[in-house]
Engineer: 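Mind looking over this structure? Questions follow.
Remember, it's 1-based here, ligands and their atoms both numbered in the order they're listed. Atoms considered below: every heavy atom in the structure, side chains included; atoms not considered: hydrogens, waters and symmetry mates.
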Amino acid sequence: MLKVLFVASEAHPLIKTGGLGDVAGSLPAALQAQGCEVRLLLPGYRAAIERAGPVTTVARIASPQLAGHIHLLECRLPDTEVTAWLADYGPAYDRAGGPYLDPLGHPWEDNAERFALLAHVAAAIALGQAGVSWQPDVVHANDWQTGLTPVFMMNAAQRPATVFTIHNLAYQGLFDQAMLARLGLPESLWTPQALEFHGQLSFIKGGLVFCDMLSTVSPTYAREIQTPDLGFGLDGLLRYRTDRLVGILNGIDDKEWDPAHDPQISRNYDFNRIREKLTNKRALQVEYGLTPDPRAPLIGMVSRLVRQKGVDLALASVPYLLQGPAQLVFLGLGDRDYENTLQALAKRHPGRVAARIGYDEAAAHRIESGADMFLMPSRFEPCGLNQLYSLRYGTVPIVRRVGGLADTVVDATEENQRAATATGIVFDGDSPAALVAALARALSLYRDPNRWVSLMVRGMQQDFSWRASAQRYIDLYHSARQLHH
Ligand code: ADP
């Protein structure tokens, strides 16, 4: 049985800020269902420990950089058979605020130390130095927070195979050069061939340079990050390692996101009972003070409010939408400017535009169940999960043709409609005019109930469960093991 240590900085439902949390919360269980034995390693954030319920301490790990010991707390990842380990070290993780940002929204000043610590614990477990009687065949690290994991294993005589997955290349974990010594890393790593990135220490390069195999979360994004446009300065390195890099589409937790059984929505439905979705639409309109009109096209957007997500494009399209009967509901958290603009917009157009600033999982489910369309005009999108949830909830996604959006939504061209493959609206370009044209197409289809319902139903019939992708990860683990031996 293949033993996998899955290392991540967040995993739903213990702690989540975005798509990485969804993946780390669902892929380990899917791997176990296909015969792997997985241990999930996370930082012991205060919020995660509180949510974990009863835990047992299974190890005490020392680190030369730290005063006290790190306690490895064991629990069950809720609603799964996966054993999770929380690396509990109070000075690093026992605080109010988010996993990466303080309560004011600034990165924690000691993020380098906090996530080096996570990588240190991962390496100790991987090398059999943590005092737990379990050692993995493969260590699977995710995003920059875990990038130093293979670095801390570099000099071991024997080590497990290593895999690194890029969930978002835009976040790289860059710190001052002085941090190299502070983290106890050798001077020899200060070169562009190792951890140096234009005069800064790059955590993500640890993963990209030193892991046996690399992956990212969609085939199109795997190609895009090898180009200067979307490579964020790392495209050269990724082209150099192109034979080690694969794109594996994310799956979704299809129990958590299932309109037929979702306890968080007003009325359950599936593609045979699609009219029931209207009950959720009405509830959403009432909840947000929108005019409760079943015929008004209701457009939802749930997103981190950052430039990546094309929030500015969405905002620029609002005047166009307000010329017709459309209604809009936004749920998001992020850049203050976007938050303020959205709130002002909602105030100016009560009954037509609603905005909730915050992070609210249940509200996200209600928007997916109640909206007619879902807006995702991202500038880049490694995979994207919300368009997958939207497809499953019969909420037609309107997406830009990038990354995972291009791989998962089939545009409603005349041809694709005739061939019965269309599932949404896909547009090119990053101008407001391009989005407005896409919205115009969506609204015109919406006025043709037969065509609209067939789009909805086809979306709901797609299978984006983890089954196929989990097998691809297992293949990736085997490749890593072969290359490593
Ligand atoms: P990213 O990881 O870049 O944020 P994804 O589409 O891959 O984008 O995943 C986003 C996940 O976070 C989805 O599960 C989405 O529902 C959730 N999400 C984002 N913002 C919010 C919010 N304000 N409230 C609730 N859920 C949110």
Engineer: How does Ser303 reach ligand 1, by side chain, by backbone, by both or by neither, if only non-hydrogen atoms under 4.0 Å count?
Structural biologist: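 For Ser303, only backbone atoms sit under 4.0 Å from ligand 1.
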Engineer: Any N or O on Gly358 sitting closer than 3.5 Å to an N or O of ligand 1?
Structural biologist: yes
Engineer: Give yes or no for whether the N/O distance cutoff of 3.5 Å, strictly under, is met between Gln308 and ligand 1.
Structural biologist: no
Engineer: What about Ala364: any of its N or O atoms under 3.5 Å from an N or O on ligand 1?
Structural biologist: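 Min N/O separation from ligand 1 is not below 3.5 Å for Ala364.
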Engineer: Under the side-chain hydrogen bond (donor to acceptor under 3.5 Å, both in side chains) rule, what do Thr83 and Glu74 come out as? Steps first, then yes or no, please.
Structural biologist: CA-CA 7 Å; Thr83 299; Glu74 182 170 303; 4.9 Å; no
Engineer: Taking the inter-plane angle between the rings of Trp452 and Tyr446 on a 0 to 90° scale, is it parallel (under 30°), tilted (30 to 60°) or perpendicular (over 60°)?
Structural biologist: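 Trp452 and Tyr446: perpendicular rings.
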Engineer: So is Trp257 polar-close to ligand 1, meaning N/O to N/O under 3.5 Å?
Structural biologist: no
Engineer: I need the contact type for Val302 against ligand 1. Using non-hydrogen atoms and a strict under-4.0 Å cut-off, is it side chain, backbone, both or neither?
Structural biologist: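 The part of Val302 near ligand 1 is the side chain, not the backbone.
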Engineer: For ligand 1, indicate whether the residue His167 contacts it via side chain, backbone, both or neither (heavy-atom separation under 4.0 Å).
Structural biologist: neither
Engineer: Charged N to carboxylate O below 4.0 Å: is that the case for Arg400 and Asp430?
Structural biologist: no
Engineer: Among the heavy atoms of Gly332, does any lie under 4.0 Å from an atom of ligand 1?
Structural biologist: yes
Engineer: Would you check whether Asp360 has a nitrogen or oxygen atom less than 3.5 angstrom from a nitrogen or oxygen atom of ligand 1?
Structural biologist: yes
Engineer: Under a 3.5 Å distance rule, please check whether Thr80 uses its side chain to pair with a backbone N or O of Val82 as donor and acceptor.
Structural biologist: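 At least one qualifying donor-acceptor pair exists.
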Engineer: Would you call Lys16 a ligand 1 contact, heavy-atom distance under 4.0 Å?
Structural biologist: yes
Engineer: Quick check: does Leu385 get an N/O under 3.5 Å from an N/O on ligand 1?
Structural biologist: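 Yes, at least one N or O pair falls under 3.5 Å.
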Engineer: Do the ring planes of His140 and Tyr473 sit parallel (below 30°), tilted (30 to 60°) or perpendicular (above 60°)?
Structural biologist: tilted
